[in-house]
Amino acid sequence: MAHISSLAMVFLLCVASSYAVNTVDVNTICKGVKNPSFCVTLLDSKPGENRDLVSLGLYTIDVTLANTTNTITLINMLISKSGGDAQAKHHYDRCLLHFNGIAAMLKQTPDFMKRGEYDTALQDAVGVRSHVRVCVSEDSDPHHPFYDSSELPIYANSVDQVAEVFAAILNHLNTPI
Ligand SMILES: *[C@@H]1O[C@H](CO)[C@@H](O)[C@H](O)[C@H]1NC(C)=O
C-alpha cells in the first residue's frame, strides 16, 4: 500500500513539474526573433499575474487580432479612397482577403492553445505570417509594380512582428503525444 502511494506521489510530482516547465524567461523566448527588444517590451506589457507560456501565448494572439482588426479598418478606408485607381483597388482588395483570413484563423487559435494543440497553433502563426507576406510582397511583383505609399506596410509589419513572438513562444511548447 505504502509502495503504491509513493509511486502515485512520484507520478504526481512528474505531472506537476511538467506544468512548472511551462514558464520560460522572456529574454530566452525573445532571443531568436528579428526584433528582440520589441518582443521583450510586448511580453512585459501583458497585464495580470500569469506569465506562463500559454498565458503569454494567449496574450500575443489577442494583440495580433487587435492589430489585424486595425489593419482591416485601414484597408477598408484605403479601398474607399482608391477612386479610379484600379491597381490600388486590386492590391487592397487582395490584402483585405488575406487579413480577413488572418482574423478568421486567429479566432480559433485560443481553442488550440487551451486544448494543448500547440502544433496546430504554430501552423496558425506561420499562416498569419505568410498571409502578411503575400499581401505586402505583391508590391515587388515585377508584373504589377504597384508601390504602396499608404501605412498598410507598417500595419502589416506590426501583425507579422507579434505573430513572430507568438511563434517563438510556441517553440517552447510541445504538443503532448
Ligand atoms: C499593434 O499592437 C501593438 C501593441 O498593442 C501596438 O503598439 C501597435 O500600435 C499596434 N499596431 C497596429 C497597426 O494596430
Engineer: With sequence neighbours left out, write down each residue that passes salt bridge (Lys or Arg N to Asp or Glu O under 4.0 Å) with R94, or none if nothing qualifies.
Structural biologist: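 R94: salt bridge (Lys or Arg N to Asp or Glu O under 4.0 Å) contacts with E138.
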
Engineer: For N70, which residues count as a side chain to side chain contact (heavy atoms under 4.5 Å, CB included) partner, sequence neighbours excluded?
Structural biologist: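 Per chain and number, N70 pairs via side chain to side chain contact (heavy atoms under 4.5 Å, CB included) with Y155.
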
Engineer: Scan for side chain to side chain donor-acceptor pair (under 3.5 Å) pairs involving residues 102-112, sequence neighbours excluded, and state none if there are none.
Structural biologist: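 The answer is T109-D124.
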
Engineer: Does any pair with a residue in residues 64-83 pass salt bridge (Lys or Arg N to Asp or Glu O under 4.0 Å), and if so which ones, sequence neighbours excluded?
Structural biologist: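 Found none.
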
Engineer: Mind jotting down which residue pairs meet the salt bridge (Lys or Arg N to Asp or Glu O under 4.0 Å) criterion with at least one end in residues 57-68? Sequence neighbours excluded, please.
Structural biologist: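 Passing the test, one end in residues 57-68: no pairs.
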
Engineer: Quick one: list whatever passes side-chain hydrogen bond (donor to acceptor under 3.5 Å, both in side chains) with N171, sequence neighbours left out.
Structural biologist: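 side-chain hydrogen bond (donor to acceptor under 3.5 Å, both in side chains) list for N171, sorted by chain: empty.
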
Engineer: With D85, which residues qualify under side-chain hydrogen bond (donor to acceptor under 3.5 Å, both in side chains), at least two apart?
Structural biologist: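 Per chain and number, D85 pairs via side-chain hydrogen bond (donor to acceptor under 3.5 Å, both in side chains) with no residue.
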
Engineer: Can you confirm whether F38 sits close enough to V162 that some side-chain heavy atom of one is under 4.5 Å from a side-chain heavy atom of the other?
Structural biologist: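 Answer yes - side chains close enough.
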
Engineer: Between R51 (side chain only) and L43 (backbone N and O only), is there a donor and an acceptor less than 3.5 Å apart?
Structural biologist: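 Side chain of R51 to backbone of L43: a pair is present.
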
Engineer: Please report the closest heavy-atom contact between A163 and A125, naming both atoms and the distance.
Structural biologist: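 The pair with the smallest heavy-atom distance is O-CB, 4.1 Å.
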
Engineer: Using the test side-chain hydrogen bond (donor to acceptor under 3.5 Å, both in side chains), find all partners of K31 that sit at least two apart in sequence or belong to another chain.
Structural biologist: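 Partners of K31 by the side-chain hydrogen bond (donor to acceptor under 3.5 Å, both in side chains) criterion come out as none, since no residue qualifies.
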
Engineer: May I have the list of side-chain donor-acceptor pairs in residues 54-61 shorter than 3.5 Å, sequence neighbours left out?
Structural biologist:
from : atom 1 : to  : atom 2 : distance (Å)
S55  : OG     : D52 : OD1    : 2.6
S55  : OG     : D52 : OD2    : 3.4
Y59  : OH     : S45 : OG     : 2.9
T60  : OG1    : G57 : O      : 2.8

Engineer: Looking at every heavy atom in both L106 and P110, which two are closest together, and how far apart are they?
Structural biologist: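 Shortest heavy-atom contact: O-CD, 3.1 Å.
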
Engineer: Provide the full list of salt bridge (Lys or Arg N to Asp or Glu O under 4.0 Å) pairs with a residue in residues 152-174, sequence neighbours left out, each pair given once.
Structural biologist: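 Output for this query lists K34-D160, R129-D160.
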
Engineer: Going by side chain to side chain contact (heavy atoms under 4.5 Å, CB included), name the residues that satisfy it together with S82, two or more places apart in sequence or in a different chain.
Structural biologist: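 Checked S82 against side chain to side chain contact (heavy atoms under 4.5 Å, CB included); matches are A88, K89.
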
Engineer: What's the shortest heavy-atom distance between A103 and I72, and which atoms?
Structural biologist: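 Minimum heavy-atom separation between A103 and I72: CB-CD1, 4.1 Å.
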
Engineer: Taking side chain as C-beta onward, heavy atoms only, is Q161 less than 4.5 Å from N157?
Structural biologist: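 Heavy-atom side-chain distance check passes, below 4.5 Å.
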
Engineer: Looking at side-chain heavy atoms only, is the closest gap between C135 and L152 below 4.5 Å?
Structural biologist: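 Answer yes - side chains close enough.
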
Engineer: Looking at T68 and F99, what are the two nearest heavy atoms and their distance?
Structural biologist: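 Minimum heavy-atom separation between T68 and F99: CG2-O, 3.5 Å.
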
Engineer: Identify, with sequence neighbours excluded, every residue that meets side-chain hydrogen bond (donor to acceptor under 3.5 Å, both in side chains) alongside T71.
Structural biologist: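 By the side-chain hydrogen bond (donor to acceptor under 3.5 Å, both in side chains) rule, T71 matches no residue at all.
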
